[in-house]
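What follows is a short report on a single structure.
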Amino acid sequence: MDASAPTHIAHRDNHTHRDVNGGWLRPAVFGAMDGLVSNLALMTGVAGGAVSQQTIIITGLAGLAAGAFSMAAGEYTSVASQRELVLAELDIERGELRAHPKDERDELAALYESRGVEPELARQVAEQLSKDPEQALEIHAREELGIDPSDLPSPTVAAVSSFGSFALGALLPVLPYLLGASALWPALILALLGLFACGAVVARVTARSWWFSGLRQLALGGAAAGVTYILGTVFGTVVG
């Protein structure tokens, strides 16, 4: 048996990578983080003005609803626009494949040649792949546009996931008040713990350690809450 075989097998079995696209994890965590930071900052700013507990609760719930709907609408519009642009480009490419099949085959063969494939083999591969129009469209889309026609993002899924993750994050600072808390500190502690947890989860799709990512997010969120609390105190004094 070849002495290099064990090494090759070991490399094959252990050769794994992080999900560099983030999959569902990245948008979900960042949506929750956005909800946490924005609503925590909003509530601490209002609390700094020495308002009533009821006012803080209404502010937090209003911030949750407004932010979640805004995120959902923004994500839906963004993803829908991107999808429509991609579909328009695919229609153009589909028309080119019908109108100029030889030119498109030559273009594909030239692309493979530029990547080091022998000219004759590149031509044969291009001809073979171009026999199926849908397969040809998919390959041209991948190579020329950098997209996968069979895996286009859904505007509805993007909107619903953004709404849910933002609302979940924004709920944390409000929750202690809904459960009867009358002071700001329980909401602040719960929100900061949530920020640390979100930062730690983000470390799954980065090269940073979980504690570094958690502490960084906690510090950023805490700073935002501190600044808005000071501003709320100042504004409350001036207005009062």
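Numbering of residues begins at 1 and proceeds along the displayed sequence.
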Using side chain to side chain contact (heavy atoms under 4.5 Å, CB included), reason through Leu40 and Leu188 one step at a time and then give a plain yes or no. CA-CA 7 Å; Leu40 175 62; Leu188 186 61; 4.0 Å; yes

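- The neighbour count for Tyr76 OH, taken as heavy atoms of other residues, nucleotides or ligands under 6.0 Å away, does not exceed 12.
- Residues Arg83 and Pro155 approach most closely at CD-CD, 4.1 Å, considering heavy atoms.
- Under a hydrophobic clustering in which Ile, Leu, Val, Met, Phe, Trp and Tyr are joined whenever their side-chain heavy atoms come within less than 4.5 Å, directly or via other members, Ile189 and Leu171 fall into different clusters.
- Going from atom OG of Ser150 over to atom CD of Glu138 covers 5.0 Å, rounded to the nearest 0.5 Å.
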Passes side chain to side chain contact (heavy atoms under 4.5 Å, CB included), Gln53 versus Tyr177? Steps please. CA-CA 8 Å; Gln53 176 186 357; Tyr177 282 100; 3.8 Å; yes

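- The distance from atom CG of Leu168 to atom CG of Leu64, rounded to the nearest 0.5 Å, is 9.0 Å.
- Linking Ile, Leu, Val, Met, Phe, Trp and Tyr whenever their side-chain heavy atoms come within less than 4.5 Å puts Leu179 and Leu36 in one cluster.
- Phe163 and Ala72 make their closest contact through CB-CB, 3.9 Å (heavy atoms, listed as atom of the first residue, atom of the second, distance).
- Considering all non-hydrogen atoms of both residues, Val79 and Ala158 come closest at CG2-CB, 3.7 Å.
- Taking CG of Leu152 as the start and CD1 of Ile147 as the end, the distance is 6.0 Å to the nearest 0.5 Å.
- To the nearest 0.5 angstrom, Leu111 atom CG is 5.0 Å from Glu143 atom CD.
- Looking only at side-chain heavy atoms (C-beta outward), Leu220 and Val37 stay at 4.5 Å or farther from each other.
- The hydrophobic cluster containing Leu178 also contains Ile56, counting ILVMFWY residues as joined when their side-chain heavy atoms lie under 4.5 angstrom apart, directly or transitively.
- The shortest distance between side-chain heavy atoms of Cys198 and Phe30 does not fall below 4.5 Å.
- The backbone N or O of Ala225 sits less than 3.5 Å from a side-chain atom of Thr228, completing a donor-acceptor pair.
- Closest approach of Leu97 to Ala136, counting heavy atoms only: CD1-C, 4.1 Å.
- For the pair Gln217 (side chain) and Met33 (backbone), a donor-acceptor distance under 3.5 Å is absent.
- In this structure a side-chain-to-backbone donor-acceptor pair under 3.5 Å is missing from Ser162 to Ala159.
- A continuous path of Ile, Leu, Val, Met, Phe, Trp and Tyr side chains, each step under 4.5 Å between heavy atoms, connects Val125 with Val117, placing both in one hydrophobic cluster.
- No side-chain donor-acceptor contact under 3.5 Å links Ser70 to the backbone of Ala66.
- Between the side chain of Thr233 and the backbone N or O of Gly48, at least one donor-acceptor pair lies under 3.5 Å.
- Looking at heavy atoms from C-beta onward, Gln82 lies in side-chain contact with Pro153 at the 4.5 angstrom threshold.
- No chain of hydrophobic side-chain contacts below 4.5 Å, direct or via other Ile, Leu, Val, Met, Phe, Trp or Tyr residues, connects Trp185 to Met43.
- Although no hydrogens or angles enter the test, the distance criterion places no donor-acceptor pair under 3.5 Å between the side chain of Ser213 and the main chain of Trp210.
- Here His100 contributes atom NE2 and Arg105 contributes atom CZ; the two are 13.0 Å apart, rounded to the nearest 0.5 Å.
- Considering Arg123, Lys131, Gln124 as possible partners of Glu127, the one that fulfils the side-chain hydrogen bond (donor to acceptor under 3.5 Å, both in side chains) test is Arg123.
- In this structure, Leu192 and Phe196 have side chains that are not in contact, with every pair of non-hydrogen atoms separated by 4.5 Å or more.
- Side chain of Thr55 to backbone of Val51: no donor-acceptor contact under 3.5 angstrom is found.
- Summarising the geometry of Leu129 relative to Gln135, their closest heavy-atom pair is O-NE2, 3.2 Å, with the distance given to 0.1 Å.
- For the atom pair CD of Glu96 and CG of Asp103, the computed distance is 8.5 Å after rounding to the nearest 0.5 Å.
- Nearest heavy-atom pair, Ala170 versus Asn39, reported as atom, atom and distance to 0.1 Å: O-ND2, 2.9 Å.
- Taking a 6.0 Å sphere around CD of Glu120, one finds it holds more than 12 heavy atoms contributed by other residues, nucleotides or ligands.
- Around the CD atom of Glu118, the shell of radius 6.0 Å holds no more than 12 heavy atoms that belong to other residues, nucleotides or ligands.
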Candidate pair Glu75 and Ser78, rule side chain to side chain contact (heavy atoms under 4.5 Å, CB included), full reasoning: CA-CA 5 Å; Glu75 279 296 311; Ser78 175; 5.5 Å; no

Working for side chain to side chain contact (heavy atoms under 4.5 Å, CB included), residues Tyr229 and Leu184: CA-CA 11 Å; Tyr229 183 83; Leu184 179 62; 4.0 Å; yes

